[in-house]
There are 2 protein chains.
Amino acid sequence: MPLPKLSKLELQIMEVLWNNGPTAIRDIQESFGPKGRPAYTTVQTMVYRLETKKALRRARKIGNAHIFEAVVTRDAAKARLVDEFLSLFGGRMQPVMAQLIEAGNLSSKDVADAEKLLRELAAKKKREA
Amino acid sequence: MPLPKLSKLELQIMEVLWNNGPTAIRDIQESFGPKGRPAYTTVQTMVYRLETKKALRRARKIGNAHIFEAVVTRDAAKARLVDEFLSLFGGRMQPVMAQLIEAGNLSSKDVADAEKLLRELAAKKKREA
DNA sequence: GGCATCCTACTACAACAGTAAGAGCTTAAT
DNA sequence: ATTAAGCTCTTACTGTTGTAGTAGGATGCC
């Protein structure tokens with residue numbers, strides 16, 4: 001599979017790699033903040049599973065510790081996520097947009113940004129047509 | 001829990017109830033189309049689990065068959081879904097919109113619809129402010 | 001060189017999701 | 001009444017996710 005499915009915690013771990021570059025397990029774990037973070041071996045298990053899924057790989061060693069780096073890109077993973085989500089809405093974009101927009105969590109800036117993106121996209125579509 | 005988490009298949013079953021109103025298990029199963037649909041007892045298991053979660057309930061009987069109806073509304077379930085999804089993006093709306101918009105699956109009509117919604121929302125926000 | 005610390009590798013387990021078979025009760029048709 | 005078809009309930013097994021303990025090897029400090 002070129003694009004393995006990533007669970008929530010797996011995503012959070014990948015997020016660390018995407019943000020920080022190659023990282024050791026200990027540092028991944030500590031990046032979860034001191035409160036309510038998973039145990040070291042929990043993170044370790046997830047990292048191992050991500051390795052099996054080829055979402056990340058061992059880049060090198062420092063001392064006896066492995067340093068892991070992302071193989072899957074953030075964009076690829078997020079695109080996958082969006083697809084998953086869309087499929088729950090029957091793959092139709094419109095109701096998803098509607099739901100998101102009506103969810104009420106949009107700031108004025110979000111609205112403005114979204115409009116800008118949409119206008120750009122519309123222009124691009126026109127050029128391509 | 002007022003809003004139980006619903007899995008993909010559970011959602012699909014609820015979808016039938018939302019679309020068709022109270023429905024028997026057999027009819028739910030058959031609404032999955034003749035190809036690759038889950039076995040009758042698979043649907044049944046899911047319905048029972050949805051009942052435990054109080055997402056649906058037995059409305060009445062026809063012969064010896066139970067007729068189930070949705071308790072959770074479509075909007076509530078979809079809102080829950082949107083929240084889940086947002087949390088995977090760190091709860092920030094903007095990157096989600098960006099990802100969705102850039103995902104490329106938008107038709108011209110989708111773009112127009114979304115713009116319309118956004119304009120209405122912006123106007124509403126302004127009135128409220 | 002010994003001891004505390006850290007990391008790895010392995011193992012385990014509960015919850016949830018998806019899948020479905022089997023036993024037995026109900027109903028409808030003849 | 002008999003019997004077939006349909007439904008209900010119960011039970012069970014697989015895979016995935018999240019959680020973590022334990023054993024043992026490697027490192028580093030003094």
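Residue numbers start from 1 in every chain, and the chains themselves are labelled A, B, ... in the order their sequence lines are given, proteins ahead of strands.
Residues A:M46 and A:V71 fall into different hydrophobic clusters, defined by Ile, Leu, Val, Met, Phe, Trp and Tyr side chains chained together at heavy-atom separations under 4.5 Å. The cluster map of Ile, Leu, Val, Met, Phe, Trp and Tyr, joined by side-chain heavy atoms under 4.5 Å apart, puts B:V43 and B:I67 in different clusters.
Of the residues in residues 33-50 of chain A, those with a non-hydrogen atom less than 4.0 angstrom from any atom of DNA chain D are A:P38, A:A39, A:T41, A:T42, A:T45, A:M46, A:R49.
Using a 4.0 Å cut-off between charged nitrogen and carboxylate oxygen, A:R74 and A:E15 count as a salt-bridge pair. A salt bridge between B:E51 and B:R57 is absent, with no side-chain N of the basic residue lying under 4.0 Å from a carboxylate O of the acidic one.
When DNA chain C is scanned in the 5' to 3' direction for atoms under 4.0 Å from non-hydrogen atoms of chain A, the outermost contacting nucleotides are C:dC7 to C:dC10.
For the pair A:H66 NE2 and D:dT27 P, the interatomic distance rounds to 11 Å; values are reported in whole Å. Taking atom CD of A:E84 as the reference point, atom P of D:dT16 lies 14 Å away to the nearest angstrom. The separation between A:K8 atom NZ and D:dT16 atom C1' is 16 Å, rounded to whole Å. The distance from atom CZ of B:R60 to atom C1' of D:dT8 is 18 Å, rounded to the nearest whole Å. Here the P atom of nucleotide D:dG18 and the CD atom of A:Q29 are 16 Å apart, to the nearest Å. Rounded to an integer number of Å, the gap from B:L9 CG to D:dT16 C1' is 16 Å. Counting to the nearest Å, the P atom of D:dC7 and the CD atom of B:E51 are 17 Å from each other.
In terms of modelled atom types and a separation under 3.5 Å, the side chain of A:T42 and the main chain of A:P38 share no donor-acceptor contact.
Residue pairs that meet the salt bridge (charged side-chain N to carboxylate O under 4.0 Å, His left out) test with at least one member in residues 17-40 of chain A, sequence neighbours left out, do not exist here.
Distance check, rounded to the nearest 0.5 Å: CD of B:E69 to CH2 of B:W18 gives 14.0 Å. Separating the CZ atom in B:F85 from the CD atom in A:E84 is a distance of 10.0 Å, to the nearest 0.5 Å.
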Would A:E10 and A:K53 count as a salt bridge (charged side-chain N to carboxylate O under 4.0 Å, His left out) here? Give the steps. CA-CA 11 Å; A:E10 285 171 343; A:K53 292 184 189 179; 2.8 Å; yes
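Proximity of A:K61 to the phosphate of D:dT27: no side-chain N or O atom is located under 4.0 Å from OP1 or OP2.
Looking at heavy-atom distances under 4.0 Å, B:K5 makes no contact with the nucleic acid at all.
The 5' end of DNA chain C is approached more closely, in terms of each residue's nearest nucleotide, by B:E10 than by the other of B:N64 and B:E10.
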